[in-house]
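First the structure, in the form of structure tokens, and then the observations on it.
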Amino acid sequence: MQLSPLPRSFYDRPVLTVAEECIGKLLIHVTTEGIAGGRIVESEAYQGPEDLAAHSAGGRRTRRTEAMFGPPGHAYMFLLYGMHWAFNAVVGPEGHPHAVLIRALEPSINRSLMAARRKVAEGSVQLTNGPGKLCAALALDGSAYGADLSGDELFLADGPRGAVGVSPRINVDYAGDWAGKPWRFYERKNRYVSVPPRG
DNA sequence: GAATAGATTGTCT
DNA sequence: GACAATCTATTCT
């Protein structure tokens, strides 16, 4: 395993392919406090404009969704419920508002720094088992909006890959038929997955 | 363990 | 003014 950013070509593919291949990859954020990161163990695909669960549903292009319409390999950050940030990787060619939501990490790099940011015990599952939590642990917020993922501060790197499972997405019941799409990917038997699937 | 309510703010109608 | 791809504390069983 080495800590070099994945090439932009990794993101310039169908969103379901990228979401599935994100499992096991390392998400890394370097700040003045130091480096922090972990293995991605849960992700979801959002395929606007036809996907009603995506913020870009119906081709809505606003200030908030602008990054989704840009070229692949950039960060799409958004604030939800007024207090939590979530991190997405923009996927697919420019003009196609697709993104992969990173829902959970397994802390691996500089766990003590992440534990301090989250104010929970190092080694606790609570560290990164949810979109808002992992952003807090990595100190990701709106300032990372649109960041280039091929830079050396915020990027994905190759990592050991485990067995991947599939399930419907979480908390998108409002999306009608799209809510049932098996567009969530997770690593089997990993305790950091936010919502353990049945079985 | 499961269910529920409250927090809190940028963005859109 | 309403709502959101959530988290946490609290209140049940």
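No hydrogens, no waters, no symmetry mates; every other heavy atom, side chains included, goes into these values. The model shown is predicted, which means the values in this text are computed figures rather than measured ones. Letters go in sequence order (proteins before strands), and every chain restarts at 1.
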Does [X] reach the side chain of [Y], with side-chain heavy atoms less than 4.5 Å apart?
{"X": "Leu16(A)", "Y": "Trp183(A)", "answer": "yes"}
{"X": "Arg184(A)", "Y": "Val172(A)", "answer": "no"}
{"X": "Val90(A)", "Y": "Pro71(A)", "answer": "no"}

Among all residues two or more places apart in sequence or in another chain, which pass the side chain to side chain donor-acceptor pair (under 3.5 Å) test with [X]?
{"X": "Asn190(A)", "value": "Glu106(A), Glu187(A)"}
{"X": "Ser108(A)", "value": "none"}
{"X": "Arg60(A)", "value": "none"}
{"X": "Tyr11(A)", "value": "none"}

For [X] and [N], give me the distance from atom [atom1] to atom [atom2], rounded to whole Å.
{"X": "Lys181(A)", "N": "dA5(C)", "atom1": "NZ", "atom2": "C1'", "result": "17 Å"}
{"X": "Tyr174(A)", "N": "dT6(C)", "atom1": "OH", "atom2": "C1'", "result": "12 Å"}
{"X": "Phe78(A)", "N": "dC3(C)", "atom1": "CZ", "atom2": "P", "result": "18 Å"}
{"X": "Tyr192(A)", "N": "dC7(C)", "atom1": "OH", "atom2": "C1'", "result": "18 Å"}
{"X": "Ile170(A)", "N": "dC7(C)", "atom1": "CD1", "atom2": "P", "result": "11 Å"}
{"X": "Asn129(A)", "N": "dT6(C)", "atom1": "CG", "atom2": "C1'", "result": "12 Å"}
{"X": "Tyr145(A)", "N": "dT9(B)", "atom1": "OH", "atom2": "P", "result": "20 Å"}
{"X": "Leu80(A)", "N": "dC7(C)", "atom1": "CG", "atom2": "P", "result": "8 Å"}

Give me each pair satisfying salt bridge (Lys or Arg N to Asp or Glu O under 4.0 Å) with a member in residues 24-38 of chain A, each pair once, sequence neighbours excluded.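 Residue pairs passing salt bridge (Lys or Arg N to Asp or Glu O under 4.0 Å), neighbours aside: Lys25(A)-Asp158(A), Glu33(A)-Arg117(A).
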Qualifying residues under ring-ring contact (aromatic ring centres under 6.0 Å, His included), relative to Phe78(A), sequence neighbours excluded: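 With sequence neighbours excluded, Phe78(A) shows a ring-ring contact (aromatic ring centres under 6.0 Å, His included) to His55(A), Tyr76(A), given in chain and number order.
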Distance-only criterion, 3.5 Å: show the donor-acceptor pairs between side-chain atoms of residues 137-151 of chain A and protein atoms not counting sequence neighbours.
residue	atom	partner	partner atom	Å
Asp141(A)	OD1	Ser143(A)	N	2.8
Asp141(A)	OD1	Ser143(A)	OG	2.6
Tyr145(A)	OH	Arg63(A)	O	3.4
Tyr145(A)	OH	Arg64(A)	O	2.7
Tyr145(A)	OH	Glu66(A)	N	3.4
Tyr145(A)	OH	Ala67(A)	N	3.1
Asp148(A)	OD1	Arg8(A)	NH2	3.0
Asp148(A)	OD1	Ser150(A)	N	2.8
Asp148(A)	OD1	Ser150(A)	OG	2.8
Asp148(A)	OD2	Arg8(A)	NH2	3.1
Asp148(A)	OD2	Ser150(A)	OG	3.4
Ser150(A)	OG	Arg8(A)	NH2	3.0

Donor-acceptor check, side chain of Arg169(A) to backbone of Trp178(A), threshold 3.5 angstrom: yes or no?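 Yes; judged by distance alone, with no hydrogens or angles, the pair exists.
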Starting at the 5' end of DNA chain B, what dot-bracket string do you get if Watson-Crick and G-U pairs under 3.5 Å are bracketed, crossing pairs use [ ], other-strand pairs use | and unpaired bases use dots? |||||||.||||.
Mind listing the residues from residues 48-75 of chain A sitting with a heavy atom below 4.0 Å of DNA chain C? Number order is fine.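 Those residues are Ala53(A), His55(A), Met68(A).
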Please list residues of residues 96-115 of chain A whose heavy atoms come under 4.0 Å from any atom in DNA chain C, ordered by number; otherwise none.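 Contacting residues: Leu101(A), Arg103(A).
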With salt bridge (charged side-chain N to carboxylate O under 4.0 Å, His left out) as the test, would you mind laying out the steps for Glu44(A) and Lys181(A) before giving the verdict? CA-CA 10 Å; Glu44(A) 286 181 3; Lys181(A) 299 272 181 196; over 6 Å; no
Is there a side-chain contact between Asn171(A) and the phosphate of dT6(C), meaning an N or O under 4.0 Å from OP1 or OP2?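 So the side-chain polar atoms of Asn171(A) do come within 4.0 Å of the phosphate oxygens OP1 or OP2 of dT6(C), strictly under.
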Under 4.0 Å between a side-chain N or O of Gln126(A) and OP1 or OP2 of dC7(C)?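 So the side-chain polar atoms of Gln126(A) never come under 4.0 Å of the phosphate oxygens OP1 or OP2 of dC7(C).
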Where do N or O atoms of nucleotides 3-8 of chain B meet protein N or O atoms at under 3.5 Å, pair by pair?
residue	atom	partner	partner atom	Å
dT8(B)	O2	Tyr81(A)	O	2.6

Looking only at heavy atoms, what is the nearest atom pair of Val18(A) and Val100(A), with distance?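 So the minimum-distance heavy-atom pair works out to CG1-CG2, 4.2 Å.
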Could you note down all residue pairs passing ring-ring contact (aromatic ring centres under 6.0 Å, His included) where residues 95-132 of chain A supplies at least one of them, sequence neighbours left out?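 Residue pairs with at least one partner in residues 95-132 of chain A: His96(A)-His98(A).
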